Every structure is written in C-alpha cells, then in structure tokens.
Protein chains: 2
Amino acid sequence: MAIIRNTIAKKAVFEIIQLNKTAMSQTEIFAKVNNICDRVTVYRILERLVKEVKIHKIVNINGVINYAPCNSCSHEQHLHHDHLHFSCTTCKKLTCIADNHIELNIPSNYQVAEVFLTVSGICPDCIIMA
Amino acid sequence: MAIIRNTIAKKAVFEIIQLNKTAMSQTEIFAKVNNICDRVTVYRILERLVKEVKIHKIVNINGVINYAPCNSCSHEQHLHHDHLHFSCTTCKKLTCIADNHIELNIPSNYQVAEVFLTVSGICPDCIIMA
DNA sequence: TTTATAAACGCAACAATGTTGCATAATTGT
DNA sequence: ACAATTATGCAACATTGTTGCGTTTATAAA
Ligand SMILES: [Zn+2]
Ligand SMILES: [Zn+2]
Ligand SMILES: [Zn+2]
Ligand SMILES: [Zn+2]
C-alpha cells in the first residue's frame, strides 16, 4: 500500500536540494523553506525522500547529516552508492564527486552493504580565495 | 610548552579504549569509567588523546563520533589514516580494519587532506547469530 | 619537602541536532 | 462528497557536544 503524496512542503524541500550545488543539512534546508512548514516536517520529508531514492544521506566528517539529490546515481548505484564525497575543511561544504570505484581490502567474513568514501581537504572555490 | 599530565581519569579512559576490540563513543566510554570523573572531562580527555595521536576519531554512519586506539597506525599513517572502518548495521559496532590503500578519482583542483573510508554491512559475529 | 604554576577538573548552563506522541488537517481514490 | 490514511503542527523530550568559571591537582623547580 503506502500511497505517496506530493505535498507542497515536500516539493519545496526536494527543489531546494536539487537546486543546490552542494549537499545540505536539515538546518540549512529548513532555513530555506521560509516557514511553509514545521522543522519536524522537514525531518520527516527528508526521511521519505531517502526512502523513495530521490535523495541520499551523507554524514559529514563533523558528524552532521547532509542530503544531496540522486541525480547521477541510478537506482542500483544508490544501493551501493560508491561515489566519492568531498568535505571542505574551510567552507564546510560537502560535494558529491563522480563515481569512484575502489577495491575493498576486507576479510571475506564481513558482509558488505554500502561503501562510504569521504575525502576532506580544500575545495576549488576556497583554494582560489587563499 | 604545554606540559602533558597523566591523570587517573586519562589513564582510565585510554585503557578502556585500548582494551575494547571495537571503537567506542563518548557515551559508551563514560559508562565504563564508573564515575571517576565528570562526563565533560571525558570529552576533554578524548580531545587531548586525539591531539597526542594516541587515539583516532571516526564518525560512524549515523553521525556519532567514535574513538579507537592508534595501535596499527603509525604516526604518519595517522595523518592520512587511510585504513578502512566497518560499521555493522546489526550490532552498531564500528571496527578498524587493516589498511586499504585506494586510488582516488578526484579532479585535480581539489586539495586532498584525509581519506575516510567506511563500509557498512554485517560483521562476522552478527552473521553467525543469524 | 615545600611551593609556584599551569594543566586538569567539576559543575552548571547552554546549544545543536534529532525523535516521539497525539490531535488536527489535507490529499487521494471511490 | 465521503472515507481512508497520509501528512502536518506543536509541544515535549532525548542525545550529543560545548563553554565559562572557580577550584583542585600534577609536575617541576626551589
Ligand atoms: Zn570550500
Ligand atoms: Zn553524493
Ligand atoms: Zn555486528
Ligand atoms: Zn580506525
């Protein structure tokens, strides 16, 4: 069952995520929805969008959860979305980088589900500023 | 300057981290120190141990920060500690796995500092249980 | 051993992020 | 239009981490 509804708030949240070049936290997204809904609703919409494989969840190196659209990643790719994330230590922005297939050197008695590859450093924009 | 002191609480925290096979969060560590110090002190001790390169910090896939000893990783390795972390979705335990050197497929205009590689799935212990 | 000094600590208060329960509102298929 | 159920608002709570400040304690020097 579970009929999916396309509400105003949901459309707004999804559009905000899609239009942004970098991943965004719930706090940043809520700041942009201009009070069309409660902050709790944003959390619940994000949950739903993840479940619907329209966005994906990324933990930044500081522990804050960010969300980015699933443009580049297909449905199967998403399940083991092994693309790389770049976390800028200067501007704190988190960016999805093209797929980066890697060889896992891991004992065979571990059952692998998803791979999370995040690289910290300085992004092009911040290098120019420096 | 900055004289490093080896206090009772610090020794206890370090020992707890060393004796545990998997990485631990501040909450888990504080639960084990048996009230020999305040929870804020645990946070501050962890900070210091990271700075002294005795332990390293790992963000779990749920955003919670965990700590593990720097046994296997040498001083240089630590700076770009490119070993792999396994995050069990069943028991929630986070384990350091042997070094896993990878080829980064990343545009040259990004300045890379550290690589964080975390794999989710089911750990050997939980596979046996299932 | 005593003393001086900076490091470490306790406590209370705060801040950020995320979750839950429940009554109400809105969307969709019939 | 109506019923079914999805989605929302609001308040309250939970967890994780931080800050300020006065007090205690470890260490090195006297
Ligand atoms: Zn940047
Ligand atoms: Zn991504
Ligand atoms: Zn497990
Ligand atoms: Zn590790």
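Just so we're on the same page: letters track the sequence lines, and every chain starts at 1. This is a predicted model, so every value here is computed, not measured.
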Can you check the [X] [atom1] to [N] [atom2] distance for me, whole Å?
{"X": "A/Arg39", "N": "C/dG18", "atom1": "CZ", "atom2": "P", "answer": "9 Å"}
{"X": "B/Glu47", "N": "D/dT18", "atom1": "CD", "atom2": "C1'", "answer": "9 Å"}
{"X": "A/Lys51", "N": "D/dA7", "atom1": "NZ", "atom2": "P", "answer": "10 Å"}
{"X": "A/Asn35", "N": "D/dT8", "atom1": "CG", "atom2": "P", "answer": "15 Å"}
{"X": "B/Asn62", "N": "D/dG17", "atom1": "CG", "atom2": "C1'", "answer": "15 Å"}
{"X": "A/Phe30", "N": "D/dG9", "atom1": "CZ", "atom2": "C1'", "answer": "11 Å"}
{"X": "B/Lys10", "N": "C/dA8", "atom1": "NZ", "atom2": "P", "answer": "6 Å"}
{"X": "B/Ile45", "N": "D/dG17", "atom1": "CD1", "atom2": "P", "answer": "15 Å"}

| field | Residue met sooner reading DNA chain D from 5', once B/Val40 and A/Val40 are mapped to nucleotides | value |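 Nearest nucleotide further toward 5': that of A/Val40.
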
| said: Check this one for me: any side-chain N or O of A/Arg48 less than 4.0 Å away from OP1 or OP2 of D/dT8? | reply: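 Yes, such a contact exists.
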
| said: Under the salt bridge (Lys or Arg N to Asp or Glu O under 4.0 Å) definition, can you give me all pairs with a residue in residues 8-24 of chain A, not counting sequence neighbours? | reply: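 Residue pairs passing salt bridge (Lys or Arg N to Asp or Glu O under 4.0 Å), neighbours aside: A/Lys10-A/Glu52.
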
| field | Any donor-acceptor N or O pair under 3.5 Å, side chains A/His101, A/His83 | value |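 No.
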
| task | State whether a side-chain donor-acceptor pair under 3.5 Å links A/Ser25 with A/Asn66. | result |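 The answer is no; no qualifying pair exists.
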
Candidate nucleotides [options], ranked by approach to the side chain of [X] - the nearest:
{"X": "B/Ile65", "options": "D/dT18, D/dG9, D/dG17", "result": "D/dG17"}
{"X": "B/Thr41", "options": "C/dG10, C/dG18, D/dT8", "result": "C/dG10"}
{"X": "B/Asp38", "options": "D/dG9, C/dG10, D/dG17", "result": "C/dG10"}
{"X": "A/Thr27", "options": "C/dT20, C/dT17, C/dA8", "result": "C/dT17"}
{"X": "B/Tyr43", "options": "D/dG20, D/dG17, C/dG18", "result": "D/dG17"}

| request: Spell out, yes or no, whether A/Val112 and B/Leu84 are grouped together once hydrophobic residues are joined by side-chain heavy atoms under 4.5 Å, including indirect joins. | output: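 Yes, it is one cluster - the side chains of A/Val112 and B/Leu84 are joined through contacts under 4.5 Å.
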
| query | Is B/Val50 reachable from B/Val64 through a run of hydrophobic residues whose side-chain heavy atoms are each under 4.5 Å from the next? | reply |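 No, B/Val64 does not connect to B/Val50 through the hydrophobic network.
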
| said: Does B/Arg44 contact C/dG10 through a side-chain donor or acceptor facing the base, at a distance under 3.5 Å? | reply: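 Between C/dG10 and B/Arg44, which were checked side chain against base, a qualifying N/O pair under 3.5 Å is present.
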
I'd like a list of close polar pairs between nucleotides 27-30 of chain D and the protein, N/O only, cut-off under 3.5 Å.
unit_1 : atom_1 : unit_2 : atom_2 : d
D/dT27 : OP1    : B/Asn6 : N      : 3.3

| Side-chain touch A/Ile61/B/Phe116, heavy atoms, less than 4.5 angstrom |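 A/Ile61 reaches B/Phe116 side chain to side chain.
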
| Do the side chains of B/Cys123 and B/Thr95 get nearer than 4.5 Å, heavy atoms only? |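 B/Thr95 does not reach B/Cys123 side chain to side chain.
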
| said: So B/Leu46, base contact, sugar-phosphate only, or nothing? Heavy-atom distance under 4.0 Å. | reply: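 Touches nothing.
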
| field | Smallest separation among heavy atoms of B/Ile17 and B/Tyr67, with atom names | value |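 Taking B/Ile17 first and B/Tyr67 second, the nearest heavy atoms are CG2-O, 4.1 Å.
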
| query | Pick the nucleotide of DNA chain C nearest each of A/Gln26 and B/Ile36; which residue has the one closer to the 5' end? | reply |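 Whichever sits nearer the 5' end wins; that is B/Ile36.
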
